[in-house]
Number of protein chains: 2
Amino acid sequence: MKKPSKKPVTLADIAAQAAVTPMTVSRVINGNGYVHAETRERVLRVAREMNYRRNGLARGLKRQRTETVGMVIGDIANPFAAELSRGVREVLEEHGYTLFICISEHNPKEDVQAFNSLADHRADGIIVATRASKTGNERLEELIESGVPVSLIGRDFRHAHADLVTADHLKGGYEATRHLIQLGHKRIGFIGVSLTQGLRLRRFQGYLEALNEHGLTVDEKLIVGGRENAEQMPGYSTEEMGCDGMLKLLELKERPTAIFARNDFTAMGALNAIKRSGLRIPEDIAIVGYDDIPLAAHTSPTLTTVRQPTREQGRTAAEFLLGRIEGDREQPRCERTFQCELVVRESTIPLTEASVTQTRKRQKKTA
Amino acid sequence: MKKPSKKPVTLADIAAQAAVTPMTVSRVINGNGYVHAETRERVLRVAREMNYRRNGLARGLKRQRTETVGMVIGDIANPFAAELSRGVREVLEEHGYTLFICISEHNPKEDVQAFNSLADHRADGIIVATRASKTGNERLEELIESGVPVSLIGRDFRHAHADLVTADHLKGGYEATRHLIQLGHKRIGFIGVSLTQGLRLRRFQGYLEALNEHGLTVDEKLIVGGRENAEQMPGYSTEEMGCDGMLKLLELKERPTAIFARNDFTAMGALNAIKRSGLRIPEDIAIVGYDDIPLAAHTSPTLTTVRQPTREQGRTAAEFLLGRIEGDREQPRCERTFQCELVVRESTIPLTEASVTQTRKRQKKTA
DNA sequence: TTCGGGTAGGTTAACGTTAACAGAAACGGT
DNA sequence: ACCGTTTCTGTTAACGTTAACCTACCCGAA
């Protein structure tokens, strides 16, 4: 006896069928208040039979919270973002919240739209993992000030009432670079930023700092790959950036002996460009990536990279957010910075005199 | 004069401030009905000053639609899913709909939860891009029958009132395999399924069909990699599956001369396992992947693979869904199957007698 | 002058749920 | 027998928005 019901079943429908008031049904569904065992059974049976589903809109409207959290991500295909979202979900689920994800495609306009959508639909809080932008930050500030709980991950933006989770990429970049320096490298290229825009990228600052502290001069020709408008270019992937950037570096008269790439995808692009040119890794050129994506352990050679505790960052951001949602929304900012860890694999080995000479020979051949 | 307002601003607040009724404010905000130009300006000014944001819950409750679409994805880090979601978003945005994404982590239970969350929050429709499962399909059927518009992508499940978009993976798998056969390969391995479970995977069926049609026997020893419970194993990535599977194949007395991998990640895992063992690609072992993810053009050697029109699938699914939402929800199923395309790159070349002998020699050395 | 139609706005009542309160019955202790 | 407490259920009034209906004015045509 199934009806091809058009309108969804409401509490009132169940109430009528079970000969009680909607309020009683509500109590049964939510399991609060006193309801006689017999009544409860009857109501539950009817609800099941009618295939009842609560109306989250009405419920949210009345209760002034939706038990829903929104997360804004720049790029859905990024394993880093994926891992973050797993951490977030783990925590939210434990507390009965649902996660809805919005994608901004690294576009500030879409960023703002995502914030608005989530705010309009009254998500109880928002986790933001997109890169900072002027318009985005402005809108975010308004939201925070209007009382929406916000938790930021790795976004270069601070607000007294928005929590913040980051990893220490300055140190991460520093240690990656120092690792190469300690292996004997003096000409270390960086792929993935333009010199003008790159200063906002912490890991790049770390690179510069390491060079300076070890008395190496920064050679602008060794810094390649950041197209200013790369983010607007659809389909211009970061591995392409790594490949293109590396090719540029290989054309130099004085080639770098080591590469620090902005992230693992860029590193993999560079890695393949190097192989394609007939040079060997790590003997001819060493390479360090960033993020330690799963694939980094499965390239050949496997990739030395910098790992950040990604899932933990997601978990922490979610915990901060829940603290704000269920506690004092006006409480001062919680902030936590995670440490990164250099993971040494096969793509970096000490630079020996032998390999240097060998490189010179090859260079002549190629030229 | 900013107030640290706790409660969000409502139409009534604006109405009071602008000396009109909430209804008039509603008309201004939504731009329908007659409102005097002066009044409109005044209301808009007040709304802006008070930083008004419509309450999507109340609005949705009253209008019985939220202009929101949910999409359920198995794995957020998958470039294929990412591209799908881009296509979906493109279309939705044109029509003023917002996309919320739920992740099921390839877990049927989470799948059902995602369906429920979206239905409870009254998304106007749901796009499902997760793998079929018993519980998932059951719940989906209930939803569809209760009138929720549903559009499926590549899910092995049919319903008279749910639209369906797929690519012809049977043919894709067939052509990938035939390509290898035409290159002269006779021992072609498949990585990524267990024989028992694999029959549901269309591309694997295509593989079997191609072998049969060309008079090659299917050797069970050449089919590896599908752990029955791989999906429940957290952190067991598909590239790991490719690597492990390949290692198993390399141990065989009679090694395959070509590999067809379930997807590009698996192929990359296999590719690196082969390199690590000292064999060459494609001379010693040829390899074909599936999906044509961006990285496939940047491995070394670049990867021969099967491309499916991913973004188009997303777009079509979204168009079907909107047709159902804005048109007749009971209309018969729309169905569209896209064709796949073999993309030949460097990882496959003709198998020559020379390379066969060479392989034999190497095999002796290794052994 | 009357009438039709466009313009400008207000009034009412829902959408589905639940917080808050209220009434009544049942129970246990003195 | 009486009173306080626990159990069970019902009533009312919101939450914020908008569809539907209604009133009133103004303007030009008949």
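Quick note on labels: first sequence line is chain A, next is B, and so on, each numbered from 1.
Note: R86(A) CZ to R89(A) CZ = 9.5 Å, rounded to the nearest 0.5 Å.
Whole-Å rounding puts the I14(B) CD1 to dG16(D) P distance at 12 Å. In this structure, L11(B) atom CG and dA19(D) atom P are separated by 12 Å, rounded to whole Å. Across the protein-nucleic acid pair, D120(A) atom CG and dT17(D) atom P stand 10 Å apart, rounded to whole Å.
Scanning residues 57-67 of chain B for heavy-atom distances under 4.0 Å to DNA chain D yields A58(B), R59(B), K62(B), R63(B). Within residues 17-42 of chain A, the residues that have a heavy atom under 4.0 Å from DNA chain D are, in order of number, V20(A), T21(A), M23(A), T24(A), R27(A), Y34(A), V35(A), H36(A), T39(A).
Between R131(A) and D75(A) there is no salt bridge, since no side-chain N of the basic residue sits under 4.0 Å from a carboxylate O of the acidic one. Ionic pairing of K134(B) and E138(B) is present here: one or more N-O contacts between side-chain nitrogen and carboxylate oxygen are shorter than 4.0 angstrom.
The salt bridge (charged side-chain N to carboxylate O under 4.0 Å, His left out) pairs that include a residue from residues 24-46 of chain B are R45(B)-E49(B), where partners are two or more places apart or lie in different chains.
The only member of T310(A), L164(A), I127(A) that meets side chain to side chain contact (heavy atoms under 4.5 Å, CB included) when paired with I153(A) is I127(A). For the side chain to side chain contact (heavy atoms under 4.5 Å, CB included) with V43(A), the qualifying choice from V20(A), L11(A), V35(A) is V20(A), the only one to do so.
Contact check for V9(A) versus N51(A): no side-chain heavy atoms found under the 4.5 Å cut-off.
Ring centroids of H121(B) and F100(B) are separated by 6.0 Å or more, keeping the two rings apart.
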